[in-house]
J.: 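Below is the structure I would like to discuss, written out as structure tokens.
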Amino acid sequence: MLWLIPALPFAGAFILVVGGSRLPKGMIPLVGVSSVALSAVLTLALAFDFVGSGATSYDQRLWDWLDVAGLSAAFSLHLDALTLVFLFVITFVGSLIHIYSAEFMSDDDGYARFFAYLNLFVSAMLILVLADNLVLLYLGWEGVGLCSYLLIGFWYKEEKNGYASRKAFITTRVGDTAMAIGLFLLFQELNTLKIHEVAAIAPSAWTTGSPVVTLIALLLLGGAVGKSAQLPLQTWLPDAMAGPSPVSALIHAATMVTAGVYLIARMYMLFELAPLAQLAVGVVGAVTLLMAGCSALTQYDLKRVLAYSTISQIGYMFLALGIGAWSASIFHFMIHAFFKALLFLAAGAVIMALHHEHDMFRMGGLRKKLPAVYWTFLTGAGSLAALPLITSGFYSKDQILWIAWAGEKGNTWFFLAALMGAFITAIYTARMIFLTFWGEEKTHVSHAPGVQMVLPLVALAILSTIGGFVELPHTMGHLTAFSDFLGPVLPGVTLRPGAEESEWILQSIAAIVALSGVGLGYYFYVAKPVMADSLKRQAGFIHQFWFSGWAMDKLYDLLFVRPFVFLSNINKQDIIDKLYAGIVSVSETMHRMFSFTQSGMLRWYLAGIVIGAIAVITIGLVS
Amino acid sequence: MNTVPVEYGLVLAGILFTLGLVSVLTRRNIIFMLISVEIMLNASGLAFIVAGARWMQPDGQVMFIFILTMAAAEVSVGLALILQIYHQLKTLDSDAANKMKG
């Protein structure tokens, strides 16, 4: 039954591709939504079955895919708690987003194409998380990359969308290449790419911190960094907002960009053997979450704020992975998928209601006009800003903060980075809310979103509120349902001795930081809007620097694009080709010369023969 | 019997051959070119006869008969071709028959 989960969306995509626009318009969303919704129902049934049976994992071998020279990659699926969490998020959030898109995209020409891509994406993502070997995982990995490319450039008639999709594709390909090399190396060393076999062999094959395992882990990190838009490959994600809003919600917030987190969590045994690589994961996460947070502070485009915020939140997950807080990272992934999908969908509803207006400074006053969107957006934003006690984001982020401080691999720097990140997050979240929904109305609202769009928003708002209560900290209720569930797959965290007492202090610090961030946002954008402007003028350079995403695009342009264009300009005429062109021109010249002698004049031929004969005779006589 | 010295015969043959060659090269009328070729053939035939007389061998005369036969065949084929050219082109100018120009 497991195989049906990825197969259903694939079948949906197949029907939509073959049927295309020939299908009646009512059929298209029916096929698109129902295929994913059925997967979701199946996942739920499977989850009950799985938890009820008490098994730790379940395998299903479908067929052999590759079997060459010792490498056997079967098309076989593997289900365990980690996979189940991802399955749950992908299918449920995916179905909600599909329902939303049914209305959001209904006026678009490429209605069938959109659902075909979306279904294909869900199917590829499910294969990615269900794969029991790394080759199959790589298939899903590339599949989601392809769908991301297709969907970013969905409105391909505008040139900049095509540019954004190519940028995303090429940038992630850099990471994928690193990952492929990592897989080759892993296969060369262990002679297997099955995940559970790797897990079994790795600890005996390498000692902790040996160079080979560090190299492999770093290469895998390279792949994860590309997919999850972390430093230094994060530049594609803000541009990826060129795609429709449901795409941003599904691919660039909830699922695909967290594939890197999944990969690292799945291969955690390698990272445990390579403390250096694990530290690198944490440093990448910490730096990214701060940089992206600062950039989010300065953006005008509502969706770009959310994009940078996504990068920043995935930075939190990487940070958590880096300090060995495996289940905390997955917990934050789940909560983030709920509230960020919600925020993107709500942002999409706002943008649609305002005639494709993306600039937050031209929004405002939507609190009364779009109450449903406002309240759901507020719920999601509260979770993002980690408002204490009532939001799920608080519980997931607090866990990461806590382990960054008290965990065995945590340290003060990680903690301070995470705390600073939380503060920045609270500020830009407040800025977003106040600019978009408060103040006076600046753009006229054309039409409110219909029930098909509001329903997923409400469902996600509920999920992103109650989702946090499956795991409560020691000081409040001490519920560990989530980490217990992941227990058989991912190891727990060892805390430093004697750290427990300070937990409530840290929690209060985190709460105060989040609240003061929101307060600062209120002060700047509601109480004294002039202040924000004057600050922007005074620190114009920094504003510009952050606005451009720390000028990373310019840097890459200078470092890679220009030299490449320069080289290709030199080679435009194709230097190697000159040799072959030379051969051609020599033979053409000779051809012209000889065809000149073929004059058709009988007497010239005769003269030629005579001269030749005389020459031959002369040579014969002389020599 | 007084024999003509070999040199005389060969010089005569050479003169005849050169005359024929020059007129083949200079004449534009195909019939004259054919006649000149005949002169060249006879010049070489004469050279064979002279050589055969010099060494008292019958081979020279045998070769001459060969050349004679071949010349007859050549003339008949050549005349037939000339007739065709004339039919096609309404001229006997060999330079006008340059249809094989590459």
Side-chain angles (χ1 to χ4, degrees), chain A residues 156-157 159 162-163 166 170 561-623, chain B residues 7 10-11 13-45 47-48 51 67 70-71 74-75 77-102:
Chain A
Y156 57 87
K157 282 174 188 158
E159 195 188 351
Y163 174 75
R166 283 195 297 279
I170 292 165
V561 178
R562 295 245 181 113
F564 186 76
V565 171
F566 176 70
L567 279 179
S568 56
N569 263 339
I570 293 176
N571 203 16
K572 215 175 196 170
Q573 314 294 338
D574 206 342
I575 295 165
I576 306 289
D577 200 43
K578 284 264 191 289
L579 179 67
Y580 302 104
I583 294 176
V584 170
S585 73
V586 164
S587 54
E588 271 184 347
T589 319
M590 283 169 71
H591 156 77
R592 233 171 276 122
M593 278 163 58
F594 286 127
S595 81
F596 177 73
T597 63
Q598 181 102 9
S599 59
M601 307 282 250
L602 205 52
R603 295 183 301 143
W604 282 105
Y605 295 171
L606 279 173
I609 294 170
V610 170
I611 292 166
I614 290 172
V616 168
I617 291 166
T618 315
I619 292 169
L621 288 179
V622 170
S623 59
Chain B
E7 290 79 14
L10 283 183
V11 168
I15 291 169
L16 276 176
F17 190 85
T18 317
L19 274 174
L21 183 62
V22 170
S23 58
V24 163
L25 290 179
T26 49
R27 288 278 178 182
R28 286 168 64 179
N29 191 316
I30 305 178
I31 292 183
F32 278 99
M33 287 171 78
L34 199 62
I35 292 170
S36 311
V37 170
E38 289 302 313
I39 292 171
M40 286 163 71
L41 283 172
N42 282 319
S44 55
F48 273 114
I67 291 172
M70 193 212 72
E74 184 240 305
V75 164
V77 172
L79 278 173
L81 284 173
I82 288 167
L83 216 59
Q84 281 299 316
I85 288 174
Y86 186 72
H87 271 302
Q88 303 265 328
L89 304 175
K90 305 289 174 212
T91 174
L92 287 175
D93 188 349
S94 73
D95 287 1
N98 61 351
K99 290 209 166 170
M100 294 282 274
K101 184 174 180 180

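What you see below is based on every heavy atom in this structure, not just the backbone, and it leaves out hydrogens, waters and symmetry mates. Each chain gets a letter, A, B and so on, in the order the sequences are listed, and its residues count up from 1.
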J.: On a heavy-atom basis, which atom in A/Arg603 and which in B/Arg27 lie closest, and how many Å separate them?
T.: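 Between these two residues, the closest heavy atoms are CD-O, 3.0 Å.
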J.: A/Val610 pairs by side-chain contact (heavy atoms from CB on, under 4.5 Å) with which of B/Leu21, B/Val22, B/Val24?
T.: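 When side-chain contact (heavy atoms from CB on, under 4.5 Å) is applied between A/Val610 and each of B/Leu21, B/Val22, B/Val24, only B/Leu21 qualifies.
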J.: Select one option (side chain, backbone, both, neither) describing which atoms of B/Ile30 are under 4.5 Å from chain A's heavy atoms.
T.: neither
J.: Rounded to the nearest 0.5 Å, what separation is found between the CH2 atom of A/Trp604 and the CG atom of B/Leu25?
T.: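 Separation between the atoms: 10.0 Å.
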J.: Counting heavy atoms not belonging to A/Ile576, are there more than 12 under 6.0 Å from its CD1?
T.: no
J.: Within this structure, what is the CE-CG distance for the pair B/Met33 and A/Leu606, rounded to the nearest 0.5 Å?
T.: 5.0 Å
